[in-house]
**Q** 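Before anything else, here's the structure in question.
Within every chain, numbering begins at 1; the chains are lettered A, B, ... in the order of the sequence lines, protein sequences first and strands thereafter.
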2 protein chains.
Amino acid sequence: MPEPSETETEAEECCPPDCCDMRGMLSFQILWELSKKPMNGQELAEQIGLRRGTAPSPGTIYPALKELTQKNLISGEKKGRQVVYTLTKEGRVGLEVATRYFYKVFHEIIETAQPP
Amino acid sequence: MPEPSETETEAEECCPPDCCDMRGMLSFQILWELSKKPMNGQELAEQIGLRRGTAPSPGTIYPALKELTQKNLISGEKKGRQVVYTLTKEGRVGLEVATRYFYKVFHEIIETAQPP
DNA sequence: TTAAATGTATCGGGTGCCCAATAAATATTA
DNA sequence: TAATATTTATTGGGCACCCGATACATTTAA
């Protein structure tokens, strides 16, 4: 594996700010990622890490997946040594509702941010 | 004061979903609201409540304001019995950084939500 | 068959958000 | 002045998120 970036000037330009806490919305983000494509725990953590700048650790992601499974919003299927998670029908509906809510609360904030 | 809605069919159509936890981002949201105009605690809670569907309680909003004050991101000025909060210069910078981060993490999600 | 690597899962400890209940300070009204 | 209303603030308890460390299961390599 090559050493991280140097030639890659893009890298991640943006990390969690120290002005305010930016935790939260993990389960929401998991549902959204899984709506794009089914994934196992690690890939999911990586995808979320791509957006957040830092990937959630095992102690964060797996309890969240367990919770969402118990709520019947996602379901996991063993494939070899990994567990691939998929949105359930209930999960799709939930994500839709949650997305509308998220839009209502935050869209104005997003719109004041001009893309780089 | 007139009784709440009945003729007003709009009201709030959207509340926190039960599919996933939507807590978090409070201090971020406070900074954003204060960037629109200086406010006291109650008005701030009402404004946030307008977006979220439910307003944060005193036990939520005042500790957050205290924290932000200690971090020198906002500053409060007593006006009669209320304390009017304003963004500090540091707070403005912080909000900008935080907004860029928030955009990076969530803009795709926002964009998949078609406005009602 | 061991050994190493990969992926899943749990544990203990910490923080921010969240509430209802309560208290305290200030301003207004009686 | 005394009672009421308004606003601020704290307390105690709960939960989701977050981490590093550790353990376990399974697959692959030696």
**Q** Is there a side-chain contact between A/Thr112 and B/Trp32, using heavy atoms and a 4.5 Å cut-off?
**A** yes
**Q** As a test of reading the structure: which of D/dG20, D/dT10, C/dC17 is closest to the side chain of B/Arg23, going by heavy atoms?
**A** C/dC17
**Q** B/Glu77 has an atom CD; how far is it from atom P of D/dT7, in whole Å?
**A** 17 Å
**Q** Would you call the rings of B/Phe28 and B/Phe102 parallel, tilted or perpendicular, taking 30° and 60° as the class edges?
**A** tilted
**Q** Rounded to whole Å, how long is the line connecting atom CZ of A/Phe28 with atom P of D/dC17?
**A** 12 Å
**Q** Using only atom types and a distance under 3.5 Å, with no angle test, would you say the side chain of A/Thr60 pairs donor to acceptor with the backbone of A/Pro56?
**A** no
**Q** Roughly how many Å is it from CE in B/Met39 to P in D/dT6, rounded to a whole number?
**A** 20 Å
**Q** Rounded to the nearest angstrom, tell me the gap between atom CD1 in B/Ile61 and atom P in C/dG16.
**A** 15 Å
**Q** Of all heavy-atom pairs between A/Thr86 and A/Pro38, which one has the smallest distance, and what is that distance?
**A** OG1-CB, 4.1 Å
**Q** Closest approach of B/Cys19 and A/Leu73, non-hydrogen atoms and distance?
**A** O-CD1, 3.2 Å
**Q** Nearest whole Å is fine: how far is C/dG16 P from B/Gln70 CD?
**A** 11 Å
**Q** For nucleotides 3-7 of chain C, print each protein N/O atom paired with a nucleotide N/O atom at under 3.5 Å, atom names and distance only.
**A**
unit_1 : atom_1 : unit_2  : atom_2 : d
C/dG7  : OP2    : A/Gln42 : OE1    : 3.4

**Q** May I ask you to say what B/Gly24 touches in the nucleic acid, namely base, sugar-phosphate or nothing, with a heavy-atom cut-off under 4.0 Å?
**A** sugar-phosphate
**Q** Can you identify which nucleotide, out of D/dA21, D/dT10, D/dC19, has its nearest atom closest to the A/Pro58 side chain?
**A** D/dA21
